[in-house]
Amino acid sequence: MPSFLETIRERGFLHQCTDVGGLDSLLGGPPVPAYIGFDCTANSLHVGSLVSIMLLRRYQQAGHKPIVLMGGGTTKVGDPSGKEESRPLLTDGQIAANMAGIRRVFEKFLTFGDGPADAVMANNADWLDGLSYIPFLREYGRHFSVNRMLSMDSVRLRLDRQQPLSFLEFNYAVLQSYDFVELARRFRCRLQMGGSDQWGNIVSGIDLGRRAEGVELFGLTTPLIETASGAKMGKTADGAIWLNAERVSPYDYWQFWRNTEDGDVGRFLRLFTELPMEEIARLEALEGRELNDAKKALADAATALCHGEDAARKAAETARRTFEQGESAEGLPELAVPRGELEAGIPAFALFRRAGLADTGGAARRLIRGGGARLNDAPVAGEERLVGLEDLDGQEAIKLSAGRKRHVLVRPA
């Protein structure tokens with residue numbers, strides 16, 4: 001059986017590691033606790049967090065103990081990493097409600113319990129809320145160099161752009177570093193994992209552990225995941241792709257993966273499914289229209305992990321009935337258009353207005369420019385883009401969508 005590091009390297013998770021040899025040796029023994037932190041800024045996580053979630057799942061499958069650290073304390077500060085401005089400050093009640101929603105996400109991906117490799121969920125408010133300012137500064141603040149903190153990407157980029165960085169946010173790296181030390185004490189945690197934007201914070205925690213506690217800690221990061229076109233993973237024109245069904249339905253979640261760009265199929269199969277590597281190699285080698293089979297396999301597997309196999313089957317069947325049989329499995333309204341008009345092609349803005357998805361031609365143009373219009377679940381390339389028979393792509397209807405909830409099937413008459 002390949003080691004944890006071999007598996008995540010093969011699957012595309014591994015970006016940086018503070019000591020590959022030392023960590024690999026450590027992980028060759030009894031279960032080792034490792035953590036990833038998640039701030040509670042919303043009542044769900046979205047696909048942008050899925051690399052970290054899958055990394056914890058892989059860690060548990062390798063026989064080790066995942067710690068999900070809820071940022072009940074650090075959410076009150078706000079991580080400046082990758083942000084152009086300060087986050088809105090949330091109340092304790094909002095943070096608690098968000099934490100409850102996020103807990104439900106992890107129950108789908110990890111096994112929690114009291115066993116040596118069972119996952120646990122911790123809340124850094126348990127130790128951060130009770131800190132006394134002056135004693136904390138004397139005990140731990142002296143180990144931090146302001147010069148080094150100013151050079152960290154999360155700080156330097158904001159300063160270079162002359163964007164405000166509050167003293168509150170400046171403290172985030174100190175608190176995250178202290179989290180690592182506290183988890184080492186409470187759970188014997190030896191490894192922190194996270195996205196590549198967390199590298200500076202992770203290294204600071206390792207340094208603090210060595211200076212303050214004399215303990216050897218390790219750090220590992222995953223690469224920043226962007227789509228082949230350069231878009232941020234998990235974001236669409238309609239908003240974030242959330243992992244809780246009440247925010248994004250299993251059907252829409254399935255469609256998100258089904259619409260993966262061609263250049264991303266193999267990479268996403270490795271990261272977001274548990275299909276064998278041999279099967280992934282076969283699927284990503286498909287070309288032309290056959291590549292749709294790989295996208296469907298990705299959608300099926302990713303949706304089954306997040307929402308269960310039954311929800312994945314229903315989503316796939318709904319899509320099949322809607323597009324492959326031309327039926328409206330969800331009771332979608334239909335618009336009959338003379339075949340001759342579709343042969344000539346109809347400007348997208350005009351067809352959206354005609355389908356009742358916009359009140360006027362101007363509103364239809366704004367919908368398309370704003371990214372809220374979709375053609376067969378893909379963004380519409382432009383207002384004047386001609387929609388015609390070729391968009392049937394072997395099916396019996398063309399699907400127009402305005403946002404997530406308004407759809408119309410266009411059939412040639």
Side-chain angles (χ1 to χ4, degrees), residues 36-57 68 70-71 74-75 78-90 94-95 97-109 154 194-198 222-261 264 267-268 271-273 295 298-299 301-308 311-312 315 367-374 377-380 401-407:
I36 300 179
F38 300 86
D39 279 344
C40 309
T41 54
N43 64 359
S44 178
L45 297 175
H46 57 67
V47 166
S49 297
L50 196 53
V51 170
S52 292
I53 295 171
M54 290 298 294
L55 185 61
L56 287 174
R57 182 177 173 89
V68 179
M70 292 284 93
T74 44
T75 302
D79 183 0
S81 302
K83 304 294 183 295
E84 296 184 356
E85 57 186 19
S86 301
R87 285 174 171 165
L89 296 181
L90 303 179
Q94 289 171 319
I95 291 172
N98 289 345
M99 195 180 303
I102 293 172
R103 284 178 187 272
R104 296 200 302 274
V105 172
F106 283 100
E107 289 169 355
K108 308 171 190 175
F109 291 90
S154 58
S196 58
D197 61 338
Q198 297 298 315
T222 57
L224 174 66
I225 304 298
E226 292 184 341
T227 65
S229 61
K232 190 172 182 179
M233 182 65 185
K235 300 285 188 178
T236 71
D238 294 331
I241 304 300
W242 299 99
L243 303 179
N244 282 359
E246 61 267 24
R247 298 200 66 167
V248 170
S249 71
Y251 175 75
D252 286 331
Y253 190 79
W254 189 94
Q255 286 289 352
F256 167 77
W257 295 108
R258 169 63 179 84
N259 294 323
T260 294
E261 296 177 37
D264 290 326
R267 183 167 56 126
F268 287 0
L271 288 169
F272 303 119
T273 81
K295 294 181 181 182
L298 169 61
T303 305
L305 279 173
C306 187
H307 296 293
L367 177 70
I368 295 169
R369 284 199 300 267
R374 301 182 81 81
D377 290 313
V380 179
S401 304
R404 288 199 183 121
K405 298 182 179 178
R406 300 172 61 215
H407 311 282

*Between V68 and F38, which heavy-atom pair has the shortest distance, and what is it?*
CG1-CD1, 4.0 Å
*Kindly compute the distance separating NE2 (H307) from OH (Y251), expressed to the nearest 0.5 Å.*
14.0 Å
_Give me the atom names and distance for the closest heavy-atom approach of H407 to G403._
CE1-O, 4.3 Å
*Provide the closest heavy-atom pair for A373 versus I368 in the form atom of the first, atom of the second, distance.*
CB-CG1, 3.7 Å
*Apply the test side chain to side chain contact (heavy atoms under 4.5 Å, CB included) to residues F272 and L305: give CA-CA distance (whole Å), side-chain angles for both, the deciding distance (0.1 Å), then the verdict.*
CA-CA 9 Å; F272 303 119; L305 279 173; over 6 Å; no
_Exam field: side chain R374 to backbone S401, donor-acceptor pair closer than 3.5 Å_ = no
*Atom OG in S49, atom CG in L243: separation rounded to 0.5 Å?*
7.0 Å
*Taking all atoms of both residues into account, what is the closest heavy-atom pair of E261 and T227, and its distance?*
OE2-OG1, 3.3 Å
*Go through the steps for I225 and R267 under the test side chain to side chain contact (heavy atoms under 4.5 Å, CB included), then give the verdict.*
CA-CA 10 Å; I225 304 298; R267 183 167 56 126; 4.0 Å; yes
_Nearest atoms (heavy-atom pairs only) where W242 meets S44_ = CZ3-O, 3.2 Å
*Report yes if some heavy atom in the side chain of V248 is under 4.5 Å from a heavy atom in the side chain of F256; otherwise report no.*
no
*Only counting residues at least two apart or in another chain, list the ones meeting side-chain hydrogen bond (donor to acceptor under 3.5 Å, both in side chains) with Q94.*
T91
*Provide the closest heavy-atom pair for F109 versus I53 in the form atom of the first, atom of the second, distance.*
CG-CG2, 3.5 Å
_Point-to-point distance, once rounded to the nearest 0.5 Å, from CZ of R247 to NE2 of H46_ = 9.5 Å
*asked:* For the OG1 atom of T222 and the CD1 atom of I36, what is their distance to the nearest 0.5 Å?
replied: 7.0 Å
*Got a donor-acceptor contact below 3.5 angstrom from the N259 side chain to the D377 backbone?*
yes
*Spell out, as yes or no, whether a donor-acceptor pair under 3.5 Å connects the side chain of N98 to the backbone of N43.*
yes
*Do L224 and D197 have side-chain heavy atoms sitting under 4.5 Å apart?*
no
*Quick one: are N244 and K108 in side-chain contact, heavy atoms under 4.5 Å?*
yes
*Mind checking the SG-CG spacing from C306 to L50? Nearest 0.5 Å is all I need.*
7.0 Å
